[in-house]
Amino acid sequence: MLQAVLIALWTGVCLAGMLLGIYTNRCLVMATGVGIILGDPVTGLAMGAVGELAFMGYGVSQGGSIPPNHMGPGIVGAIMAITAGVPVETALALSIPFAVGFQFVLTATYTFATTLSGFATRALDKKNFRGFRIAANTTVWVFFIVGCIIGLVAALSATGLEAVINLIPGWLSTGLTVAGKMLPAVGFAMILNVMAKKELIPFVLLGYVLVSYMGLGTMAVAITGTAVALLVFFNQNKAAAAAAEDEEVVFEDGI
């Protein structure tokens, strides 16, 4: 029960921190915290990393659509991966429906929170600064309470989730694991669809060759990419300086 309470408080803090601009609502932060509470920070960190890779593009809003919420893999996914012992990829796939449901709950919370701005405005018009501070800060407390409720329900449902997972046949579990491994690739693809320009295609191809054909690790690829980017940057500066010198006109005797 203590762990459930701690997860509830942690979820509330993470969700309320989102309004303060400190990015505590990220999969990596939430899942790592859940892993520490449940005594398995390594699995929690792995779940958060996989969730971040998937939500890098999968969780980006396209047009008027509302993306799933990070609490799915960050809270529920971490709980399933740790308590039920399923692979993080399977937990990621199973947590997506929860992520969609949580987003509906947060949308309703945002809608309710918009009514608080009217109280804050009226209090400010009446120079009631104490009432203004209360109304302005109530939004943070509302999200904290909603986060606590979601975290508590998710923590108390761990036993039920484990029972449901145990009922999943082996072939379906294998399929979910494969789907979970594909989600990070889908996230990268969606990011590249938005960010990839013709000037950046050589970097994409270089990274693919370094990983697929040369077998380099993440740090080696990052260092190589940084070195290449620095070379391009410095050469561009030299070219710009040379062009500026060629265009410079020297005036003598006022002519």
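Smallest separation of non-hydrogen atoms from T224 and A220: OG1-O, 2.8 Å. Nearest approach of P41 to I36, heavy atoms of both residues: CB-CG1, 3.9 Å. Listed here is the closest heavy atom pair of I37 and Q3: O-NE2, 3.5 Å. When all heavy atoms of A4 and L152 are compared, the closest pair comes out as O-CD1, 4.0 Å. P73 and C27 get closest at one heavy-atom pair: CG-SG, 3.6 Å. M47 approaches A81 most closely through the heavy-atom pair SD-CB, 4.3 Å.
Judged as a side chain to side chain donor-acceptor pair (under 3.5 Å), the pairs with a partner in residues 27-47 (not counting sequence neighbours) are, in order, D40-T43. Within the structure, ring pair (Phe, Tyr, Trp, His ring centres under 6.0 Å) contacts touching residues 123-148 (residues at least two apart or in different chains) are Y110-F143, W141-F144. The salt bridge (Lys or Arg N to Asp or Glu O under 4.0 Å) contacts involving residues 21-38 comprise R26-E52, where partners must be two or more places apart or lie in separate chains.
In terms of the side chain to side chain donor-acceptor pair (under 3.5 Å) criterion, N25 has no residue partners (sequence neighbours excluded).
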Ignoring hydrogens and angles, write down the donor-acceptor pairs under 3.5 Å from the side chains of residues 8-17, residues two or more places apart or on other chains.
| from | atom 1 | to | atom 2 | distance (Å) |
| --- | --- | --- | --- | --- |
| W10 | NE1 | M30 | O | 3.2 |
| T11 | OG1 | I7 | O | 2.7 |

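To the nearest 0.5 Å, atom CG of residue N69 and atom CD1 of residue I150 are 7.5 Å apart. To the nearest 0.5 Å, atom CE of residue M71 and atom CE of residue M18 are 8.0 Å apart. Rounding to the nearest 0.5 Å gives a distance of 12.5 Å between OG1 of T138 and CZ of R133.
With a 4.5 Å cut-off between side-chain heavy atoms of Ile, Leu, Val, Met, Phe, Trp and Tyr, the cluster of L28 takes in L45.
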